[in-house]
Structures are given as structure tokens and as C-alpha cells.
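Just so you know, these numbers come straight off a predicted model, no measurement behind them. The sequence lines fix the lettering, A, B, ..., with proteins before strands; numbering per chain opens at 1. What's counted below: heavy atoms across the whole structure, side chains too, no hydrogens, waters or symmetry copies.
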Number of protein chains: 2
Amino acid sequence: MSVLMPGLIHAGHDCTHGKMDHVCATCQVRELSICGALEPESLAAFERLSRTVEIDAKITLFTEGDRASHVFNVTRGVVRLYKMSPDGRRQIVGFALPGDFLGLALHESYGVSADAVTHVTVCKFVRTAFVSYLDEHPRLMRRLHEFASHELSLARDQMMLIGRHTAEERVAAFLFNLSERYQRIGESGVHIQLPMSRQDIADFLALTIETVSRTFSKLVKAKLIVIVPEGVRLLDSDGLHKLARVDV
Amino acid sequence: MSVLMPGLIHAGHDCTHGKMDHVCATCQVRELSICGALEPESLAAFERLSRTVEIDAKITLFTEGDRASHVFNVTRGVVRLYKMSPDGRRQIVGFALPGDFLGLALHESYGVSADAVTHVTVCKFVRTAFVSYLDEHPRLMRRLHEFASHELSLARDQMMLIGRHTAEERVAAFLFNLSERYQRIGESGVHIQLPMSRQDIADFLALTIETVSRTFSKLVKAKLIVIVPEGVRLLDSDGLHKLARVDV
DNA sequence: CGCGCCATTGACTCTGGTCAACGCTAGTGG
DNA sequence: CCACTAGCGTTGACCAGAGTCAATGGCGCG
């Protein structure tokens, strides 16, 4: 079942202010997220469609197969997206960071499950209302399509990574990619926060927790990274990239 | 480099007629493809945007990273979409069948490479013209987005398959899924054509050619399939589905 | 007929999985 | 204040599923 933390709705949950609801005008990830496609004059109306919701770590936002009542825009925190096989095997298909959108498909039902890895802040939209709004705003529709296309591209890269790369290459690529994503949202690309567990990383890279752990140790020995509380520090980003053996 | 077979353009290559160009009105896969979103009165204008092109087996339509000059609608034949790593490892990310669209992302450059597995017929559009047309036809844009979402969903299923399933499960799922796709486009779901080589199947399922071959043999011994010229015949579709261990 | 390509099969190897022990840290409660 | 526990991560020993390497077979084609 899908358990959505109700949060404290529509009061006191702006990213930066204390007593107002989220204000798009001051949103730190607006330009990075789908909202960046909206003209300032559309923003107010769009804003009224959403509610800002706070979600505690480990809480499930939605589950694969559930009726897709809402779509979400992540503004803070990390969300894991995954699929489960009936016998309990899990494949994490992605981690959503601030600026990422959940429910791109606009389908009647969710195609994956999602739960909060950290405490998370999202802008939550009623899906049907969101879709109606899209119909009137082709630029937003176009932006959403760009996001979906980007996700498709990431998914295909991940297929390549999982299918055709060694454990070491997968872990190196994971850290390198995460570093780049953090940089794009204005965080350090060197001190990489790893809020997700080793098990999460394993299920993302299609490895076991033991292999992930051993591979981290190997990267430490090779002086490519240092393990620090809450994450890793990249010592040799280039070396990591070489090890990943992806593209160019 | 991208080698696009010029084909015999704009003459004599309709799916069903001999002397006219492709006519959408008589296209067998129109309802299944993005064109199904168009009102009959838009169809004529849309049709003028495209050229019907015939492409021989093994010819490359486009290569990852190339400037995306065109987008394509497959009307006949099978196309493989893939990524290569610099050291020659290949991951096929999908097989496009009639009704499928190539270039969903509408990006400046192609995100994957594509080549014809069989002789292929496509409706070929200049990308920029196609995008302009989209801007005027929100329903088509919406349809394209649905196609992209569907592809994303398939890519994630494939991540799960490659990452968390055994060789036997992967091959069983491959045959079962192909059977369902063939049925949807009105072909037999029992006599499954396998125009792609064992190497292609291996690169799609992230296995080796030897493992694919051995697994086929195992399925034959288990009386789930029979290998016939050009493909396989499913003897026990349910058994295959059970073996695949996907979803429900 | 002989060559080349693809698929199949066998023998052996190896990467990553499994199983198990241990350590570290945070939280709990006497 | 510290003993106890639970959860997570690390490490080691061993195992197995799929990969590698190699031989063989079938088929189409010049």
C-alpha cells in the first residue's frame, strides 16, 4: 500500500521562509526543474495547483501499480525509485534529487515505487489538475517531455552499466555520476553525500551489499576516494572517471 | 559515422501499393503509432512532412552522438537500438517494431545508435520540421510523450530483468514479451519470428551468445519452445511466463 | 566443393554471490 | 554509567552461474 506522509500541509513549509507556504518565486531549484519552463506570469496560477509537503525518511510516497493520484516535484532531499519482483528482488531504477519530477508518465497508475531516503520536501500536484494545466501550457508539456527523455537516456545508460560493466566500473560510475548531479544542483562534487544505504547502492547497481562494500574498500586502497561520515570524498575524480569506462 | 541508406525516395514504396508514395490513410500501423493521435483532417499535412524510405538489413540508420537530422516512424521490419562502450562492449537497449518511433527525445543529437535488423520501411521526418509541427499539434505532442513514457517503462523493466534475473528468466521474459508485442501488431504470438541474431539477443539480455544458446536448448528440453527456421514456436506460453518471474 | 558465418556444445575459469563472523555506532533501559 | 541489543557495514572463505576458449556442425553461397 502507498503511505503518503500527510505532513503539515499548506503552512510553514517553504524552503527558506518560516511562515508562508512554498513560493515558487524564491524556489532554489525552479530553474532546474520543470517549473523553469513557465513565464513569471504563469507561475502564480501554477503555484496554486501545488501543495508543499514534507516527508520523513523511509516513508513511501507511492507504490508501483497504485492509482496515480498525484505527481511530485522534489525540492529537497533524496527519493529512491524502484521495482520489486514478486519474490522480493529489488531493482532501484533511480535516485531523485532536488529538481527531479516524479510521475513523468502521467499514467493512471504508478510504474515504479518511490520512497524517501532522507527527509524530503516535494511540491505535490493532483495529477488530473496537473494534466489539465499541461494542456493549456504547451511549453510546460514540452519541458516535461524533455525530462522524460532525459530519464529515458539515464535508464539506457544504466542498462549499459548494469549489463556490460564490472562491479568496479559500476561503483566508479555511480560515484562519478552522482558527483556531476550534485554539482549541477549547486552542491559539492567532491564531498559526496551518500544518504542511501549500501543496500540501496547495491540494488541500484545490481550487485550485492558485500560487493559494493568490497569495491569501496578497493577504491579507498587505490586512493581514489576516502570514506567519510555520511558519504565519500573524491580524491581523484579523473581516475574515477577512467575506471568507470563510460563513453568518451 | 551514420550511414543512412538513401533508398528509393518518394516513389514506389508504399506499404501496400505499388506506384504511390506511402499514404497514411492506408497505413497498417497508423493507429498503433504516434500518427493515431491525428485527426483525419490533419493527416494530409502531416503526411507531406515525411518521406517513405526503405532500408536494407544491417544498414545503420543513425549513430549515437550524431547530429539528429531526422526522426523516424517504423512501419515495417525490425530495428535494433544500442549503445557501445569505447572498448567495444555493446548493450542493445531495445528492438523497434512496426509502429515504434525513433528519435523520441527530439534532441540535437541521437542518444543511441540504430540499425536495421531486417529490411525496414520507415516514415522519415526532418527533425526540425517535425518539432515545428508538434508545436502546433498538442495532441501529437501528448502522444509522443506517452510513447516516451512507455519506452521509459520498458527500459526500467529491462533494468530489472538484466540486473536481478537469471539467464533463464531473461530469455523466457524476452520470448514472452516479444510474443505479446507481436500480438499487439497483429502477428502471431505463437510462431515468433527472431530476425535478430543470437548475438543481438545476448547483447539485449546482457548475456553471451553461448549462454543464450544453452538457455534456448534448455527451454527446448523443457518442452516450452521449439526452435524453427527463422524463430521459435511457443509450446507453453504460460510456462514461459512463470519461468520469467516478472511481476504478478 | 570448399569457404565463411552462425549456432551449438563441452571443458574449464573467474567474477561476483552466499554464508558467516565480527566490529562499530546509536539507542534503550536498569 | 554501562550493559545489552539492533542495524549497518566490512571482511573472509567458499561456491556457483555465467563467461571464456575451443571444437564441431549446419547452411548458404560463390
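- Proximity note for B/T208 (side chain, C-beta onward) versus D/dG19, C/dT8, D/dA18: the nearest is D/dG19.
- Spacing between atom NE2 of B/H165 and atom P of D/dG17 amounts to 16 Å, rounded to whole angstrom units.
- In this entry the distance linking CD of A/E230 with C1' of C/dA26 reads 13 Å, nearest Å.
- When the C1' atom of D/dC8 is taken as reference, atom CG of A/L194 falls 14 Å away, rounded to whole Å.
- In this model, the phosphate group of D/dG17 is not approached by any side-chain N or O of B/T166 to a distance below 4.0 Å at OP1 or OP2.
- Here C/dG17 presents its P atom at 12 Å from CD1 of A/I209, a figure rounded to the nearest Å.
- Using a 4.0 Å heavy-atom distance criterion, B/I227 is classed as a sugar-phosphate-only contact.
- One N or O on the side chain of B/Q91 and one on the backbone of B/D203 form a donor-acceptor pair closer than 3.5 Å.
- Using a 4.0 Å heavy-atom distance criterion, B/A202 is classed as making no nucleic acid contact.
- Between the side chain of B/R170 and the backbone N or O of B/H165, at least one donor-acceptor pair lies under 3.5 Å.
- Closest to the side chain of B/S197, out of C/dC19, C/dA7, C/dT8, is C/dA7.
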**Audit row: B/F62, B/F72, ring-ring contact (aromatic ring centres under 6.0 Å, His included) steps and yes/no** = CA-CA 11 Å; B/F62 50 81; B/F72 307 84; 5.7 Å; yes
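- Nucleotide C/dG16 holds its C1' atom 13 Å from the CG atom of A/L205, rounded to whole Å.
- Relative to the side chain of B/L207, the nucleotides C/dT9, D/dT11, D/dG19 differ in distance, and D/dG19 lies closest.
- For A/T215 (side chain) and A/A167 (main-chain N/O), no donor-acceptor pair under 3.5 Å exists by modelled atom type.
- For the pair A/T211 and C/dG17, the criterion of a side-chain N or O lying under 4.0 Å from OP1 or OP2 is met.
- Taking atom CG of B/L219 as the reference point, atom C1' of C/dA7 lies 16 Å away to the nearest angstrom.
- Heavy atoms only, all atoms of each residue included: B/V79 and B/V117 are closest at C-CG2, 4.1 Å.
- C/dG17 atom P lies 9 Å from atom CZ of A/R214, rounded to whole Å.
- Between the side chain of B/Q199 and the base of C/dC6, no donor-acceptor pair of N or O atoms lies under 3.5 Å.
- Note on A/S213: a base of the nucleic acid sits closer than 4.0 angstrom, heavy atoms only.
- The CZ atom of B/F216 sits 12 Å away from the P atom of C/dT9 (whole-angstrom rounding).
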